[in-house]
Asker: 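The structure under discussion is supplied below as structure tokens; questions concerning it will follow.
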Amino acid sequence: MDDVKKFVLDHKLGEILENKTFKDCTTLQVGGKIRFFYYPNSIESFLAFHKFYRPSGRPLFIIGAGSNVFASDADFEGVVVNFSKLPLKYYRIGDTFTCSPGCSVVRLSYDLARLGYTGGEFLSGIPATIGGAVYMNAGANGLEMKDILISAKLLSKDGVVRDYENSELGFGYRKSRLQEEGLIVLEAKLKFQKDESGDVLKRVKEMKEKRNKSQPVDQKCAGCTFQNPSGHSAWRLIDQIGFRGFKINNAQVSKKHCNFLINNGDAKSEDLLELIKRIQKNVKEQFNIDLKCEWVLVNFDNVSLF
Ligand SMILES: Cc1cc2nc3c(=O)[nH]c(=O)nc-3n(C[C@H](O)[C@H](O)[C@H](O)COP(=O)(O)OP(=O)(O)OC[C@H]3O[C@@H](n4cnc5c(N)ncnc54)[C@H](O)[C@@H]3O)c2cc1C
């Protein structure tokens, strides 16, 4: 693995760290040590790194804001890449915003509001990067990334870069073609509309306030843990099985919102995993419904949460 560090440093491709853990780079704040954490200094640098690294077959994981990632307690013997240190966040031509993968969607939504653009208000409460939001087709308040995305420049596993139109990306509920094929977001073009009412910022603040009241946003969590099964709310099912506030060591079901599992101290990934399985088992037994975990699991062997 030391060849990776040497390659990045010799070719001045960015910063590479050896002392990071998933605990420090995810909002859930759990997970083991990471062998190399790489911040590319440009997309070209990342592509040069990718060309060098991929043939080795060693693990590669792209992390955004880490707000949907659940990593195991084991050490990760590979490279985690983060685009947040790319110098350009986004630029605008007309009503089209071309965004870098590491751009914060919260920051973008506030900038849009200040510039008098509507359509990005729903992003204000999602602590994501553009890359993670496109990959997950993140959404809130009735809108999803698929509703604002024009196209995305993506890198395939075998190193091919191409622009994909929205219609090619197979978007569904927290689902995209990117997940199936391991495509990496290098850039995304989003469209918004001018709004002269002067009310956009007010709407953003109202949405944020509503969210702060209903979700444990000040706690270590990774958003909703389970997808809503068709015709049901996951939080209600969890409440109905009596799990509101239920704990396994420091892994706990939030009392504020039952579909948020929180790290209430120094939880271990294995405690959270056990809690997820316990909820799934009880919901299945009582309602014959399979709850599908929405989190992205990293570095777990032979674990499937549907
Ligand atoms: C308090 C809180 C509230 C939340 N509310 C919502 C909500 O309302 N709606 C919602 O949909 N989600 C919500 N989430 C979950 C989370 O914010 C979203 O899933 C988000 O899209 C994850 O983005 P990220 O940048 O943090 O990605 P990460 O969590 O870092 O990664 C998620 C996945 O995206 C992949 N990924 C990241 N960057 C790239 C890239 N450049 N190219 C390819 N793949 C990439 C990762 O490999 C991983 O598989 C919430 C989370 C929290 C903590």
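Note that ligands are numbered from 1 as they come in the structure, with each ligand's atoms numbered from 1 the same way.
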Asker: Tell me the closest heavy-atom pair linking Val4 and Phe52, and the distance in Å.
Answerer: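 Heavy atoms only, the tightest pair is CA-CE2, 4.0 Å.
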Asker: With a 4.0 Å heavy-atom cut-off (strictly under), which part of Pro101 contacts ligand 1: side chain, backbone, both or neither?
Answerer: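 The part of Pro101 near ligand 1 is the side chain, not the backbone.
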Asker: Within the structure, does Gln215 bring an N/O atom to less than 3.5 angstrom of an N/O atom in ligand 1?
Answerer: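 N/O-N/O distance under 3.5 Å: no.
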Asker: I need the contact type for Leu183 against ligand 1. Using non-hydrogen atoms and a strict under-4.0 Å cut-off, is it side chain, backbone, both or neither?
Answerer: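 Within the 4.0 Å criterion, Leu183 contacts ligand 1 through backbone atoms alone.
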Asker: Can you confirm whether more than 12 heavy atoms, excluding those of Lys23, are under 6.0 Å from its NZ atom?
Answerer: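 Atom NZ in Lys23 is not crowded, with 12 or fewer foreign heavy atoms closer than 6.0 Å.
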Asker: Under 3.5 Å, side chain of Arg244 to main-chain N/O of Lys255, donor-acceptor pair present?
Answerer: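 Yes, the answer is positive, given that a donor and an acceptor are paired below the 3.5 Å cut-off.
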Asker: Classify the contact between Ala140 and ligand 1 as side chain, backbone, both or neither, using a heavy-atom distance cut-off of under 4.0 Å.
Answerer: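 For Ala140, only side-chain atoms sit under 4.0 Å from ligand 1.
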Asker: Within the structure, does Glu294 bring an N/O atom to less than 3.5 angstrom of an N/O atom in ligand 1?
Answerer: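 No; the residue has no nitrogen or oxygen that sits under 3.5 Å from a nitrogen or oxygen of the ligand.
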Asker: Within less than 4.0 angstrom of ligand 1, does Glu144 place any heavy atom?
Answerer: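 Contact absent.
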Asker: Have a look at Tyr117 and tell me which of Arg92, Lys191, Gln193, Lys194 forms a side-chain hydrogen bond (donor to acceptor under 3.5 Å, both in side chains) with it.
Answerer: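 Among Arg92, Lys191, Gln193, Lys194, the one meeting side-chain hydrogen bond (donor to acceptor under 3.5 Å, both in side chains) with Tyr117 is Arg92.
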Asker: Could you tell me whether Gly139 and ligand 1 have an N or O pair separated by under 3.5 Å?
Answerer: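 Yes; the residue has a nitrogen or oxygen that sits under 3.5 Å from a nitrogen or oxygen of the ligand.
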Asker: Give a yes/no verdict on whether any heavy atom in Met145 is under 4.0 Å from an atom of ligand 1.
Answerer: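 Outside the 4.0 Å threshold, so no.
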Asker: Between Arg174 and Gly139 (side chain of the first, backbone of the second, donor and acceptor by atom type, cut-off under 3.5 Å), is there such a pair?
Answerer: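 Here the side-chain-to-backbone pair exists.
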Asker: May I ask you to decide if Arg278's main-chain N or O and Asn282's side chain share a donor-acceptor pair within less than 3.5 Å?
Answerer: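 Looks like yes, one N/O pair under 3.5 Å.
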Asker: Please find out if less than 6.0 Å separates the ring center of Phe7 from that of Tyr53.
Answerer: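 No, they do not, as the ring centres are separated by 6.0 Å or more.
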Asker: So for ligand 1, is Gly64 a polar contact partner (N or O within less than 3.5 Å, distance only)?
Answerer: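 Yes: some nitrogen or oxygen of Gly64 is under 3.5 Å from one in ligand 1.
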Asker: Taking only residues two or more places apart in sequence or in another chain, which ones pass salt bridge (Lys or Arg N to Asp or Glu O under 4.0 Å) with Arg58?
Answerer: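 Asp3.
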Asker: Do we see a donor-acceptor contact under 3.5 Å between the side chains of Lys89 and Ser100?
Answerer: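 Lys89 vs Ser100: no donor-acceptor pair found between side chains.
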Asker: Looking only at heavy atoms, is any part of Gln179 under 4.0 Å from ligand 1, and if so is it the side chain, the backbone, or both, or is it neither?
Answerer: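 Within the 4.0 Å criterion, Gln179 makes no contact with ligand 1.
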Asker: In terms of atom number and element, which parts of ligand 1 are under 4.0 angstrom from non-hydrogen atoms of Phe83?
Answerer: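 Matching atoms, with element in brackets: 41 (N).
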Asker: Find all atoms of ligand 1 within a distance of less than 4.0 Å from any non-hydrogen atom belonging to Ala133, and give their numbers and elements.
Answerer: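 So the atoms of ligand 1 that pass are 21 (O), 23 (O).
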Asker: Do side-chain atoms of Asn228 reach the backbone of Ala234 as a donor and acceptor pair under 3.5 angstrom?
Answerer: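 Yes: the side chain of Asn228 pairs with the backbone of Ala234.
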Asker: Please classify the Ala222 to ligand 1 contact at 4.0 Å (heavy-atom distances, strictly less than): side chain, backbone, both or neither.
Answerer: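 Near ligand 1, Ala222 shows its backbone, while the atoms from C-beta on stay back.
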Asker: Considering Thr26, Ile262, Ile62 one by one, which has a heavy atom nearer to atom 47 (O) of ligand 1 than any of the others?
Answerer: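 Nearest option to atom 47 (O) of ligand 1, by heavy atoms: Ile62.
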Asker: Within the 3.5 Å criterion, strictly below it, is a donor on Asp111 or Tyr90 matched to an acceptor on the partner's side chain?
Answerer: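 Yes, side-chain donor-acceptor contact under 3.5 Å.
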Asker: Can you check whether Asn137 has an N/O within less than 3.5 Å of an N/O in ligand 1?
Answerer: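 Min N/O separation from ligand 1 is not below 3.5 Å for Asn137.
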Asker: Check each heavy atom of Val296 against ligand 1 and say whether those closer than 4.0 Å belong to the side chain, the backbone, both or neither.
Answerer: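 The side chain, only.
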Asker: Tell me the contacting part of Thr27 for ligand 1: side chain, backbone, both, or neither, using a 4.0 Å heavy-atom threshold, strictly below.
Answerer: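 Only the side chain of Thr27 comes within reach of ligand 1.
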Asker: Does the N or O separation between Gly132 and ligand 1 drop below 3.5 Å for any pair?
Answerer: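 Among all N and O atoms of Gly132, at least one is under 3.5 Å from an N or O of ligand 1.
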Asker: Check this for me - ligand 1, Cys221, N or O atoms closer than 3.5 angstrom, yes or no?
Answerer: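 No, there is no polar N/O contact under 3.5 Å.
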